[in-house]
Novice: 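Okay, handing you the structure first.
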Amino acid sequence: MSRAVLTIFKRLYDEGLIYRAERIINWCPRCMTAISDIEVDHSDDEGELVSIRYGDGENSIVVATTRAETMLGDTAVAVHPDDARYKHLVGKTITLPLVGREIPIVADEHVDPEFGTGGVKVTPAHDPNDFEIGRRHNLANITILSTSAVVENSGTRFDGLDRFAARQAIVEELRSQGRIVAEKRPYIHAVGHCQRCETVVEPRLSKQWFVKVAPLAKAAGDAVRDGRVKIEPESLSPRYFEWIDNMHDWCISRQLWWGHRIPVWYGPEGEIFVTGPGENAPVGFIQDNDVLDTWFSSALWPFSTLGWPDETLDLKKFYPTSVLVTGYDILFFWVARMMLFGLFAMDGVAPFKTIALHGMVRDKFGKKMSKSRGNGIDPIEFMDRYGTDAVRFTLARGANPGADLALAEEWVAGARNFATKLWNATRFAIMNGANIEGAMPAAESLGAVDRWILIRLNETVSEVDSLLERFEFARASEIIYHFAWDDLCDWYLELSKEALSKGGAVESQRVLGQVLDQLLKLLHPIMPYLTEEIWTALTAGESLVISKWPLASREYEDSTSKKIVGELQEIITEVRRFRNDQGVKTSQRLPGKLTLSKEISSFESSLRYVLRIDLPSDHFVVGGSVEIGQAKIEFDLSGSVDLVAERARLTKDLASARKDHETALVKMNNQNFMNKAPAKVVEEITQRLTATGADIERLTAQLSQLPSA
RNA sequence: GGGUGCUUAGCUCAGUGGUAGAGCGCCUCGUUUACACCGAGGAUGUCGGGGGUUCGAAACCCUCAGCGCCCA
């Protein structure tokens, strides 16, 4: 690492991309170090805006400031060149109050004549904008604050006072001199704070090392602009451009203990010697005390970890990497810097092809976790309570690209429940002989239910594949979750129970084994521990880690299985609803007559099993019935039909059918719709119209046949 | 001030032109040979307001309001 740092530093220096300069930098008087622009947090703070009269009478001008103490370092007053109010003053001097120094009045385009009085005090050593004005007008830079933000060298009695105490004292003194013409308090304005310690940052003139970013940033911007590097989700790329295209020169020296020491040595005559790896500075030279910004070395990560600056095999093979996954908050700190240095050091080859950005984990209300709010969540606690896989699944399920995730304990508990569900389902499957031995049965030898779950599996695999391709982890997790819980556990297992319990359902056992095998593989990256455990129990295989990722296969697709299972599901749901409305307990067996279409007639025993319907006896009396499409299920309720409930159920269905019928009808009667809508949609609506029409007819008949209560 | 998002069920969020979705929560019922960390059934939304485009808008455009993030 150290070699890499030395190498890149020297290379940049030799190419003139590292220089030392006096600049206004952000200085933290507590950390006693320079900090970069992005380490400064801005917040709207209360301060006061005081307007001070400089000079007297006709030759006076009023300036406003929130940092009165900086006036001790003023070396000019600036006005806009076109400002008629001050034309007569430009080029003259004015006496700086308290200090007594004569300072010039200069005209500068960058002064906003609309703001305040149109005159601004210029303190080049303590304000970045003033520094620029100072450069343009060759003003002196007078530093009047120490590194710990105490007034010094001002030649006034304020020397020795802390900046905030001095601010107050100076305003008081000016007030007593009658020089304060206005005070606005509180005055809300943006104040920079040190990201580490929240101390108010003090702009300070200082000699620092800089990276000249213009050429590097241009390359880094272009790499994304021309598509060599993709940012996912794309919606975050404007942020990248906005930043990289307007990047200021990067101050890389830090006055800290920790870090790579700047490899620059100074000779007795002020000579500068930069040492590369293995090089020594001439005798008598002294090394710079500062260290490098931590991101300077982090920026080397994509290639220094592969052995760079050596031309290693790893470097050849793994640079550039394919995907960098990280939080969007670190796009500028780290990602952009890796782009800068990667392109520079690796002959214009960007360090990765795709930058996949995820969001931040927030509390259950979507609020940022913070110490002051006390809403931090310790993932280890959740892992102890709900299991690591549950936490992993929760995070994956919430990981929408570039969007934040609200993490609530309830979500983790839900994920734990899912894990338990899988555990139980696999246990049940194993108990019933599920296996992955031998080849899969041919499609022709399988029933509709078996085929259906294989079709659903195939759909799930391909959907998950394409979602993962797009870093849509949340949706991929969701798809897997519902396939496992709804399709597999709630439907397939329930519909297969009868056959499995009777034994001899060899095909289904193999199918079930197959479905679980593939499902566990899909889930393995998200829930590695659980899936490994139950997969090895199911298959006696060595490990999921080294097994093959599922391949989507359309082998079992056909035109009928989905329709058949759909019908079965509808029948089962409607009958359950009927029983529920009638207050019939789930476990209570009822005699019933099933009239089924030819297509699903073979599922009669299966339906009887799931719905607990006994064969009708000789004295069967129809007490209530459910009709779904062609299917009719009649029950003997032994004369105890709950007519009120039944009427309510049918009335509700009728209302819903009428509503759907009505909307379809409106569309069909709309000539514009008929002319312009695609045929597919028209057909769909037509079908809906017929279906709802039939429903209305049937329900009306059923209602009229119902004896009055 | 510049940039960029968001506003959908009680909460947190999916849904980029064709009958509004998920998880949790809520209500009712339930010892069904996997699972109560469960099962079955149910309720809940003028998709922020207003305009427009379209046969059709939660989705596209304009506008207003509120909230957020990044940068200055």
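Lettering of chains follows the sequences in order, A, B, ..., and the numbering in each one begins at 1.
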Novice: What is the separation between atom CD on Glu410(A) and atom C1' on A22(B), rounded to the nearest whole Å?
Specialist: 15 Å

Novice: Taking the inter-plane angle between the rings of Trp485(A) and Tyr481(A) on a 0 to 90° scale, is it parallel (under 30°), tilted (30 to 60°) or perpendicular (over 60°)?
Specialist: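 Tilted, since the angle between the ring planes falls between 30° and 60°.
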
Novice: Parallel, tilted or perpendicular: which one describes the rings of Phe393(A) and Phe418(A), with boundaries at 30° and 60°?
Specialist: tilted

Novice: Check whether the ring centres of Tyr240(A) and Phe332(A) lie less than 6.0 Å apart, and answer yes or no.
Specialist: no

Novice: When you check the gap from the basic side-chain N to the acidic O, do Asp653(A) and Arg577(A) get nearer than 4.0 Å?
Specialist: yes

Novice: Can you check whether Arg688(A) has a side-chain N or O nearer than 4.0 Å to OP1 or OP2 of U19(B)?
Specialist: yes

Novice: For G56(B), give the paired nucleotide (Watson-Crick: N1-N3 plus N6-O4 or O6-N4; G-U: N1-O2 and O6-N3; both under 3.5 Å), or none.
Specialist: none

Novice: Checking only heavy atoms, does the side chain of Arg239(A) share a donor-acceptor pair with the base of C70(B) at less than 3.5 Å?
Specialist: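 No, the side chain and the base share no sub-3.5 Å donor-acceptor pair.
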
Novice: Dump every N/O contact between nucleotides 56-61 of chain B and the protein below 3.5 Å, one line per pair.
Specialist:
none

Novice: Taking atom P in both C35(B) and C29(B), compute the distance separating them and give it to the nearest angstrom.
Specialist: 23 Å

Novice: Between U53(B) and A20(B), how many Å separate the two P atoms, rounded to a whole number?
Specialist: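 My reading of the P atoms in U53(B) and A20(B) gives 23 Å.
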
Novice: Start at the 5' end of RNA chain B and walk down; is the nucleotide closest to Ala425(A) or to Asn417(A) reached first?
Specialist: Ala425(A)

Novice: Mind checking Asn400(A) for me? I need base, sugar-phosphate or nothing, with any heavy atom below 4.0 Å counting as a touch.
Specialist: sugar-phosphate

Novice: Out of A34(B), C13(B), G18(B), which has the shortest distance to the side chain of Lys421(A)?
Specialist: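 Among A34(B), C13(B), G18(B), the one nearest the side chain of Lys421(A) is A34(B).
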
